Amino acid sequence: MEYRLLPIFTLLNIALVATHAALPPEAYWKSVLPTTPMPKAITDILYSDWVEEKSSSVHVGGGGVNVHTGKGGGSGTTVNVGGKGGGGVNVHAGHKGKPVHVSVGSKSPFDYVYAATETQFHDDPNVALFFLEKDLHSGTKLDLHFTRSTSNQATFLSRQVADSIPFSSNKVDFIFNKFSVKPGSEEAQIMKNTISECEEGGIKGEEKYCATSLESMVDFSTSKLGNNVEVVSTEVDKETGLQKYTVAPGVKKLSGDKAVVCHKQNYPYAVFYCHKTVTTRAYSVPLEGTNGVRVKAVAVCHTDTSEWNPKHLAFQVLKVKPGTIPVCHFLPEDHVVWVPK
């Protein structure tokens, strides 16, 4: 089900005009990170054309955030982060069953305090995003479903524009009014959950931050890791359905135990939930599908899960207890990992 909102409000158009003289987000990146290429997850969402078009409209709901630019016929695409609708990656540990569906309004499975519900095991309790680090080697076979990063078209606003829009649970009525969202609607619940998740404190040893612009993501990540960094994201040759993938030779550890991982959230414009820990290992993982598709995947392994919610989806799926063994997951195409070079 999809919910159509009114054309994007005039306030954003005015704010955008006011920022024409400001340094564009991509120029800011180059000024701070001159030797660090942008990953595809970033370049895909650089430009906020939907803000500039009078015909633009924003959709929030149906399992994700849809943005119509008013161009090319105006058809929209949908993201369902971590779920079965697109914009994610589902790992099938068994031979049967459907992907675990992270339902609309639930917390992200990448949030450490996330607790799964019974409905998320409706088909097969062995189906999930998560796997064990010991399986991260050449020859391992996994049933996976990657979806194209273009499934979530929510793009970055410039920092000046993003900072002019409230992003606070205390201002949700104001936000709903500006986005023509009806309080109590599914769209409103999605937006409230994103804001609430961003406002919650991190677990012990975690530093978290929600970046509402590319500039703020750059500032947070470099403040934690320095400017000599590598920034990577998962890249898929082409969209494909569920199939078996084999881990190919060339698995590469990207960092020590320090990284900043940024997860794209469901919101009308690009918002990333970023968190830095010193108990994270990132890997570049080449995958080959049975139909020949190749994936340059990024996997993140959490070496200390002792502070996670004991009811977290990962523990229920892998049948392990918090703090006992590293837990890993592949990242969807629109998520980003920052690691020291």
Side-chain angles (χ1 to χ4, degrees), residues 1-13 15-16 45 48-71 73-88 101-111 114 117 119-120 147-157 161-200 210-213 263-273 332 334-335:
M1 186 173 183
E2 193 170 279
Y3 296 80
R4 177 172 293 276
L5 305 183
L6 297 175
I8 195 69
F9 50 93
T10 305
L11 173 62
L12 284 184
N13 286 313
L16 185 69
I45 58 170
S48 304
D49 289 343
W50 60 277
V51 177
E52 298 179 276
E53 293 289 333
K54 289 184 179 180
S55 59
S56 297
S57 59
V58 181
H59 303 253
V60 185
V65 175
N66 309 314
V67 176
H68 294 257
T69 64
K71 298 178 180 179
S75 60
T77 50
T78 305
V79 61
N80 183 351
V81 177
K84 61 185 178 181
H101 176 48
V102 180
S103 60
V104 173
S106 66
K107 289 183 179 296
S108 164
F110 304 115
D111 189 331
Y114 172 87
T117 64
T119 58
Q120 288 160 346
T147 55
R148 296 179 64 88
S149 58
T150 51
S151 58
N152 186 347
Q153 292 289 341
T155 56
F156 279 114
L157 300 179
V161 175
D163 288 350
S164 73
I165 306 169
F167 188 80
S168 166
S169 57
N170 293 328
K171 300 286 187 179
V172 290
D173 290 337
F174 179 87
I175 297 169
F176 294 158
N177 181 58
K178 291 301 181 184
F179 280 97
S180 301
V181 173
K182 183 179 179 181
S185 66
E186 186 177 30
E187 305 99 306
Q189 190 61 49
I190 291 171
M191 295 171 69
K192 284 177 65 176
N193 286 346
T194 292
I195 294 172
S196 175
E197 186 173 343
C198 285
E199 291 178 336
E200 289 178 356
C210 275
T212 58
S213 67
H263 308 285
K264 195 158 191 248
Q265 302 297 290
N266 283 344
Y267 212 68
Y269 55 88
V271 172
F272 281 79
Y273 161 40
D334 53 3
H335 295 201

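Please read these numbers as outputs of a predicted model, since none were measured by experiment.
- Side-chain contact between Val161 and Tyr269 is absent, with no heavy atoms from C-beta onward closer than 4.5 Å.
- Listed by chain and number, the residues in a side-chain contact (heavy atoms from CB on, under 4.5 Å) with Asp173 are Phe176 (sequence neighbours excluded).
- Under the disulfide (SG to SG under 2.5 Å) criterion, the residue pairs touching residues 163-199 are Cys198-Cys210, with sequence neighbours excluded.
- Contact record, Pro183 with Ala188: CA-CB, 4.2 Å, taken as the closest heavy-atom pair.
- In this structure, Thr212 has no side chain to side chain donor-acceptor pair (under 3.5 Å) partners at least two apart in sequence or on a different chain.
- The closest side-chain donor-acceptor pair between Gln189 and Asn193 falls under 3.5 angstrom.
- Separation of atoms NZ (Lys192) and CD (Glu197) is listed at 15.0 Å; rounding is to 0.5 Å.
- In this structure, CD on Gln265 lies 10.0 Å from CG on Asp334, to the nearest 0.5 angstrom.
- Taking every heavy atom of both residues into account, Ala154 and Ala270 meet most closely at O-CB, 3.8 Å.
- The aromatic rings of His263 and Tyr273 lie tilted to each other, with the angle between the two planes from 30° to 60°.
- When the side chain to side chain donor-acceptor pair (under 3.5 Å) test is applied to Ser169, the partners found at least two apart in sequence or on another chain are Glu199.
- Every residue two or more places apart in sequence or in another chain that forms a side-chain contact (heavy atoms from CB on, under 4.5 Å) with Pro166 is listed here: Lys171, Phe174, Ile175.
- Atom CD1 of Ile45 sits about 10.5 Å away from atom CG of Leu157, to the nearest 0.5 Å.
- To the nearest 0.5 Å, the span separating CZ on Phe179 from CE on Met191 amounts to 5.5 Å.
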